[in-house]
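Accompanying notes for the structure given below.
Proteins get letters first, then strands, A, B, ... in listed order; numbering begins at 1 in each. Small disclaimer: the values here were computed from a predicted structure and weren't measured.
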Number of protein chains: 4
Amino acid sequence: MNSRSGAPARRGRPRSPERRRAILAAAAELALDGSALPTVDAIAGRAGVSRTTIYKWWPSPAAVLLEGLLDRFHASIEFDDDLPVRTALTAQVDALVGLLRDTPAGALLRRLMAASLADAATATALLDQWLEPRRHAAIRHLERGIATGAVRPGTDPALVVDLLFAPAYHRLVWGHAPLDDDLAEQVCALVWPAITT
Amino acid sequence: MNSRSGAPARRGRPRSPERRRAILAAAAELALDGSALPTVDAIAGRAGVSRTTIYKWWPSPAAVLLEGLLDRFHASIEFDDDLPVRTALTAQVDALVGLLRDTPAGALLRRLMAASLADAATATALLDQWLEPRRHAAIRHLERGIATGAVRPGTDPALVVDLLFAPAYHRLVWGHAPLDDDLAEQVCALVWPAITT
Amino acid sequence: MNSRSGAPARRGRPRSPERRRAILAAAAELALDGSALPTVDAIAGRAGVSRTTIYKWWPSPAAVLLEGLLDRFHASIEFDDDLPVRTALTAQVDALVGLLRDTPAGALLRRLMAASLADAATATALLDQWLEPRRHAAIRHLERGIATGAVRPGTDPALVVDLLFAPAYHRLVWGHAPLDDDLAEQVCALVWPAITT
Amino acid sequence: MNSRSGAPARRGRPRSPERRRAILAAAAELALDGSALPTVDAIAGRAGVSRTTIYKWWPSPAAVLLEGLLDRFHASIEFDDDLPVRTALTAQVDALVGLLRDTPAGALLRRLMAASLADAATATALLDQWLEPRRHAAIRHLERGIATGAVRPGTDPALVVDLLFAPAYHRLVWGHAPLDDDLAEQVCALVWPAITT
DNA sequence: GTCTAAACGAGACGGTACGTCGTGTCTTCGG
DNA sequence: CCGAAGACACGACGTACCGTCTCGTTTAGAC
């Protein structure tokens, strides 16, 4: 009656933000000490919340985990358009490598990728909300490079971006080699000769 | 007088090879029309075999799937040492791309990678029996190139190999771009300038 | 305003009494046409209930059966203290014989005794909830008889009660002789001379 | 052609009596430390014999146990016909009480009665080979008593025998009271007045 | 001395039931 | 309307025995 805003006049008890945060935190903690996805039961128990509440707001533990991941690591995408293209791209790859190696994001992504490979909905969400924003930011840098002449015309930006980022994800997934400190720099060095004149 | 061979004088009823094959086939079929790993129950039902028989020989559906994968696609690794290094590597990458795109191996690997990300034993098996043989075959080619002078000294073969193969796996996993026909050729073209003088 | 009773303010969905009854009935029916204890699977199937529901409320099929038995045959214990001791005891034994011969209680008890002989928990439950109440009711009658002089002092009530009831159970278990109509009367007639003056 | 005995000219390897004994012993031992019937697997393992051998000669663990029981306790039935009837019967009941209380026979019988209550074949075997011989020996004593006038005419021997033996089995099965040393004597004392003039 | 049929050992196999865990839904009450 | 508590159906788990089977090996007696 009195809600003057454009919001659709919410009635009844409002959703508790504390519980939301508790659930996201609990899910992340459980995911980190257990190689599989946490169960809804476990998250509810750890967060001190009932199972029903989780089911009401998220379709699966993977969705909870993804929301938590994006909440904590939404940054690490945007970079200054004034930087030289190679510097900007190296910095992006390096930021990713650091994130995967030094923060919980790496482990969380592993769990989420596992869920993605078995569930289409999670796959779509993860692709749209995690990979694509980063891919397109990088592609935009390359297109800028082509426009300014710093990158050779005819270069396929999408392919180059895959070449730059894939090794980091590859090592995260397979674990056959470490995510070295200078991985970003070395990968860029291997690709650059081919895309500059 | 009897069993003269080196075989350790098998006692008891011998294992049925028909059933083994039926199980491998059933697992692969089920994996291909369902995005998640098949259950032991389902495999047993489809293969016309009892659950216990499966548990006796494999620790998990993932292990069944892996054995089936290796059985069917054990080739695709070895290449002629007389070929030029670039030709040989391009052929390897191309064989992988073709395998992932045109055969069930792609879908099977997706399921197995999902299992790997959640289960350490599967991860080890998959790494040791799938990725490492292919990685090392490629690394050997590069080392040959370094030895013959075709590849610049100081090149890190392991890193280069990751650069060559990672894009294919990356696209298989994320599905954000297709496994193009000329992917192998283009990837090699992007890396080659940096490792030749 | 609401729940004024001493009940501890029950929360959550209340237990379904229909299902409880369906389970008890299904277990009894299955026990009666099969010489062994029914399996949890079978009870669940017959009752149209899930296995987990049964496991939640009972530790074993024997416990289900016992609860059903007590539900249906809780009576048959109490008798009028004003009756002469011999009349009262004969009536008790006769009620037992009739129960074992003419109602499902006989068959159910056979199954439960089988379970008792193999499982201590069932044995305790069956002893406490079936035999002991009946034994002590009979013992009380005999003690009354001793007090009033109708039964000879020095008589061991526990032993006499065993003598009175054991033949019925003996024939139920071994099946070597029928539970005759006049078994109770004849047994009492055989014991009475020894405990009266 | 020359086998002169009635035996049907046995050919091939004869059955091993050592193994038979080892199986009987193993079954008895396992039955005594475990409240349920031993499994065929367990017996085979303990006896150092293959499962197949057991299945070849016995239909079930209960049959093994019964054969072992009869082997060890075949005596305890026959008594001197010259003894007074009451003395002879008291001795029989006392022998049973002692057997059930002081030897493994008690525990073995408990297991076998459990099996009997669930399996008709076992029930028949146990009744025919254990209970009936003992019952009839006792009945014969009573009939002798009736013939000689020591027992009152019109007495039902079968019922009296049940009265005498049932309490011992009753206490073995239910465990609600101990198998006292003087149980036999007291039971006979309670029955005797009614069957003598 | 062979020959041979049965006993025996080893182990694969199809079943059935077990008891547990996690899922997702539903029901009831309280804030 | 949010949330807690908990009942419930369902499906898969991995294990334990069951009883049957198919091999190969052993062995006492018949020839």
Side-chain angles (χ1 to χ4, degrees), chain A residues 10-16 18-19 36-44 48-57 59-61, chain B residues 2-3 9-20 36-44 47-57 59-61, chain C residues 2-3 9-20 37-44 48-57 59-61, chain D residues 1-3 9-20 36-44 48-57 59-61:
Chain A
R10 304 182 295 113
R11 307 230 316 164
R13 176 172 172 179
R15 178 174 177 188
S16 158
E18 294 82 22
R19 287 176 228 266
L37 280 180
T39 69
V40 175
D41 273 318
I43 299 173
V49 144
S50 85
R51 272 172 347 109
T52 329
T53 304
I54 297 179
Y55 278 117
K56 175 161 245 170
W57 299 105
S60 68
Chain B
N2 38 16
S3 138
R10 303 180 300 107
R11 311 242 306 175
R13 177 173 174 176
R15 178 174 177 187
S16 157
E18 293 82 22
R19 287 174 229 263
R20 177 180 169 274
L37 280 179
T39 68
V40 175
D41 275 312
I43 299 173
V49 144
S50 87
R51 248 147 35 80
T52 22
T53 300
I54 297 180
Y55 279 116
K56 173 154 231 179
W57 298 104
S60 67
Chain C
N2 38 17
S3 136
R10 305 180 301 109
R11 311 242 308 175
R13 177 174 174 176
R15 178 173 177 189
S16 156
E18 292 82 22
R19 286 174 229 264
R20 176 178 170 275
L37 279 180
T39 69
V40 175
D41 275 312
I43 299 174
V49 143
S50 88
R51 249 148 33 81
T52 19
T53 300
I54 297 180
Y55 280 116
K56 171 155 232 180
W57 299 105
S60 67
Chain D
M1 205 68 76
N2 54 1
S3 152
R10 304 182 296 110
R11 306 235 315 166
R13 177 175 174 177
R15 178 174 177 189
S16 157
E18 294 82 21
R19 287 176 230 265
R20 177 178 170 275
L37 281 180
T39 69
V40 175
D41 273 316
I43 298 173
V49 144
S50 84
R51 270 170 349 107
T52 327
T53 304
I54 297 180
Y55 279 116
K56 175 159 242 170
W57 300 104
S60 68

Residues passing the side chain to side chain donor-acceptor pair (under 3.5 Å) test with C:Thr53, sequence neighbours excluded, are C:Ser50

From CG of C:Leu37 across to C1' of E:dT16 the rounded distance in Å is 16 Å

Residues passing the side chain to side chain donor-acceptor pair (under 3.5 Å) test with B:Thr39, sequence neighbours excluded, are none

When B:Pro38 and D:Tyr55 are each assigned the nearest nucleotide of DNA chain F, the 5'-most assignment goes to B:Pro38

- Row check, C:Trp57 ring normal vs C:Arg20 NZ/CZ: under 6.0 Å, within 45°: no

Quick test: give all pairs of protein nitrogen or oxygen and nucleotides 6-10 of chain E nitrogen or oxygen below 3.5 Å, distance rounded to 0.1 Å.
unit_1	atom_1	unit_2	atom_2	d
E:dA7	OP2	D:Lys56	NZ	3.1
E:dA7	O4'	D:Arg13	O	3.4
E:dA7	N3	D:Arg13	NH1	3.4
E:dC8	OP1	D:Ser16	N	2.8
E:dC8	OP2	D:Trp57	NE1	2.9
E:dC8	O3'	D:Arg19	NH1	3.3
E:dG9	OP1	D:Arg19	NH1	2.9
E:dG9	OP2	D:Ser50	N	2.9
E:dG9	OP2	D:Ser50	OG	3.3
E:dG9	OP2	D:Thr53	OG1	2.6
E:dA10	N6	D:Thr52	OG1	3.3

When rounded to whole Å, the CD1 to P distance for the pair C:Ile54 and F:dC10 reads 12 Å

note: D:Glu18, atom CD; F:dA28, atom P; distance rounded to Å ~ 10 Å

What one should report as the nearest heavy-atom pair of B:Arg15 and B:Pro17 is O-CD, 3.2 Å

Of all heavy-atom pairs linking A:Ile54 and A:Val40, the shortest is CD1-O, 4.0 Å

Here the gap from A:Lys56 atom NZ to A:Arg51 atom CZ, rounded to the nearest 0.5 Å, amounts to 14.5 Å

Separation of E:dG15 atom P from D:Asp41 atom CG, nearest Å, is 19 Å

